[in-house]
Amino acid sequence: RQTPWFHGLLSVSSSLGALSWSWQDKPPDGVTKAMTGILLKAPQELFVTNVGSHMWAMNRPDSDVDTFTVYQAPSVGLLLGRRVDASAHIKNGETDDAQHEVGEVVRQLVKGNVNFLWGVFSPIFVRGNEEVWRELQFYATEVLSKQCYHSIHGLALHNYKKYIESYKAVSPKRCGIVARTVRFGVTLLKDEYIQFESVPEELRTPEYVRQCIADLELARAASSLPEEPVPAAVEDLERWLGRLRVRSRGTEIPWSLSGL
């Protein structure tokens with residue numbers, strides 16, 4: 001069986017810097033060097049934010065550093081329908097890095113996944129393309145909906161039952177983690193505002209966590225956010241993703257994609 005020219009092998013190690021493509025055959029006639037130069041790109045880190053306790057200003061001297069990395073997979077693999085690993089978690093010493101392909105980030109934002117809302121809206125920008133980060137924040141704001149309730153409530157309730165209700169880890173630290181998650185949801189649903197607010201020491205109690213969960217239910221009922229993302233806003237976000245995929249650091253794409 002003849003191996004197609006586009007057959008690529010992706011080698012993955014413990015960091016984005018070790019992702020690389022190798023190509024077995026030459027491209028066919030009519031595919032110029034300029035085209036392949038644009039398409040056959042290694043995964044590109046777009047931006048990195050700091051999440052976890054630092055994001056809430058609740059970190060201690062011994063706190064680990066949690067980061068959220070958004071990267072863009074090679075365009076050729078996507079155009080040819082090849083599987084792209086959407087997410088990976090890398091532990092390196094005191095740093096825990098959650099790495100996500102930008103297409104997966106877009107999908108999860110539409111679903112209202114709170115972990116992706118935190119990663120995109122974190123107030124701590126570490127490195128990367130700040131313009132892309134700000135653009136994504138703008139379009140992500142437009143797709144906010146009550147869908148976020150399910151992710152926030154599910155995460156909070158899971159941790160409450162696993163650690164607090166079971167008395168497995170009823171500590172101020174654990175209560176603070178659950179409370180800050182729910183308070184984030186209350187503000188988002190009630191005020192339609194993204195806010196990372198520290199939980200005062202005196203409120204890091206099981207009783208306050210239970211009150212926050214009750215407040216979340218009320219906030220959802222009173223929220224003026226749409227039940228699901230507005231379709232036009234989702235289209236705008238997806239068009240932004242399409243434009244991002246065909247950008248190449250100032251190099252013009254040798255063909256146009258209609259409607260992007």
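Sequential numbering from 1 along the given sequence is applied to the chain's residues. Everything quoted here is computed from the prediction, not taken from an experiment.
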Hey, what do you get for CH2 (Trp118) to CD1 (Ile194), rounding to the nearest 0.5 Å?
-> 11.0 Å

Report, as yes or no, whether the 6.0 Å neighbourhood of atom CD on Glu94 holds more than 12 heavy atoms from other residues, nucleotides or ligands.
-> no

Angle class for the Trp133/Phe47 ring planes (parallel below 30°, perpendicular above 60°, tilted otherwise)?
-> tilted

Measure the OG1-NE2 distance between Thr67 and His54 for me, rounded to the nearest 0.5 Å.
-> 11.0 Å

Please name the pair of heavy atoms, one in Val199 and one in Met58, separated by the smallest distance, quoted to 0.1 Å.
-> N-SD, 3.6 Å

Quickly, which of Glu192, Lys146, Lys190 forms a side-chain hydrogen bond (donor to acceptor under 3.5 Å, both in side chains) with Ser224? Name it, please.
-> Glu192

Would you say the side chain of Val209 lies within less than 4.5 Å of the side chain of Val178, judging by non-hydrogen atoms?
-> yes

Contact check, side chains of His150 and His153, non-hydrogen atoms, under 4.5 Å = no

Worked verdict on Thr49 versus Val120 for side-chain contact (heavy atoms from CB on, under 4.5 Å) | CA-CA 7 Å; Thr49 58; Val120 170; over 6 Å; no

Hey, what's the ring geometry for Trp56 with Phe196, parallel, tilted or perpendicular (30° and 60° as the breaks)?
-> perpendicular

In terms of heavy-atom contacts, Asn113 and Asn115 come closest through OD1-N, 3.0 Å

Measure the spacing between CG of Asp236 and CG of Leu241 and express it to the nearest 0.5 Å.
-> 12.5 Å

Between Tyr139 and Trp240, what is the ring plane arrangement, given parallel below 30°, perpendicular above 60°, and tilted in between?
-> tilted

Among Ile213, Leu157, Asp215, whose side-chain contact (heavy atoms from CB on, under 4.5 Å) with Val182 holds?
-> Ile213

Please round to the nearest 0.5 Å and tell me the distance separating atom CD of Glu135 and atom CG of Leu46.
-> 10.5 Å

Donor-acceptor contact below 3.5 Å, side chain Ser122 vs main chain Val51 | no

For the residue pair Pro123 and Met55, establish whether any side-chain heavy-atom pair is separated by less than 4.5 Å.
-> yes

Cluster check Val126, Val102: I/L/V/M/F/W/Y, side chain < 4.5 angstrom | no

Taking every heavy atom of Val110 against every heavy atom of Leu237, the minimum-distance pair comes out as CG2-CD2, 3.9 Å

Report the relative orientation of the aromatic rings in His89 and His100; use parallel for angles under 30°, tilted for 30 to 60°, perpendicular for over 60°.
-> perpendicular

Here the gap from Leu216 atom CG to Thr187 atom OG1, rounded to the nearest 0.5 Å, amounts to 10.5 Å

Residues Glu45 and Arg127: closest non-hydrogen pair is OE2-NE, 2.9 Å

Candidate pair Lys111 and Glu104, rule salt bridge (Lys or Arg N to Asp or Glu O under 4.0 Å), full reasoning | CA-CA 11 Å; Lys111 292 180 179 179; Glu104 179 66 10; over 6 Å; no

Salt bridge Glu201-Arg204, side-chain N to carboxylate O under 4.0 Å = yes

Shortest non-hydrogen pair, Pro229 vs Val234, comes out as CB-CG2, 3.6 Å

Joint cluster assignment, Val48 & Ile124, ILVMFWY side-chain distance < 4.5 Å | no

Please examine the side chains of Gln108 and Leu117, heavy atoms only from C-beta on, and report whether any two atoms are closer than 4.5 Å.
-> no

Got Phe121 and Gln137 here, is their nearest side-chain heavy-atom distance under 4.5 Å?
-> yes

State which residue, out of Asp96, Asp64, Asp97, fulfils the salt bridge (Lys or Arg N to Asp or Glu O under 4.0 Å) condition with Lys91.
-> Asp64

Between the main-chain N or O of Thr95 and the side-chain N or O of Asn92, is there a donor-acceptor pair closer than 3.5 Å?
-> no

Could you tell me whether Glu217 and Arg220 have a side-chain N and a carboxylate O separated by less than 4.0 Å?
-> no

Same hydrophobic cluster for Phe184 and Val186, using side-chain heavy-atom links shorter than 4.5 Å among ILVMFWY?
-> yes

Taking the side chain as every heavy atom from C-beta outward, state whether Leu189 and Tyr149 have any pair of such atoms under 4.5 Å apart.
-> yes

Linking I/L/V/M/F/W/Y whenever their side-chain heavy atoms sit closer than 4.5 Å, directly or via other members, would Val230 and Val106 fall into one cluster?
-> no

Point-to-point distance, once rounded to the nearest 0.5 Å, from CG of Asp66 to OG of Ser53 = 6.5 Å

For residues Arg107 and Phe116, determine if any side-chain heavy atom of one lies less than 4.5 Å from a side-chain heavy atom of the other.
-> no

Heavy-atom pair with the smallest gap, counting every atom of Gly52 and Arg180 = C-NH2, 4.1 Å

Consider only side-chain heavy atoms of I, L, V, M, F, W and Y, link residues closer than 4.5 Å, and tell whether Leu218 and Leu188 are in one cluster.
-> no

Does a donor on one side chain sit under 3.5 Å from an acceptor on the other, for Tyr208 and Arg183?
-> yes

Side chain to side chain, Ile152 and Thr181, heavy atoms closer than 4.5 Å = yes

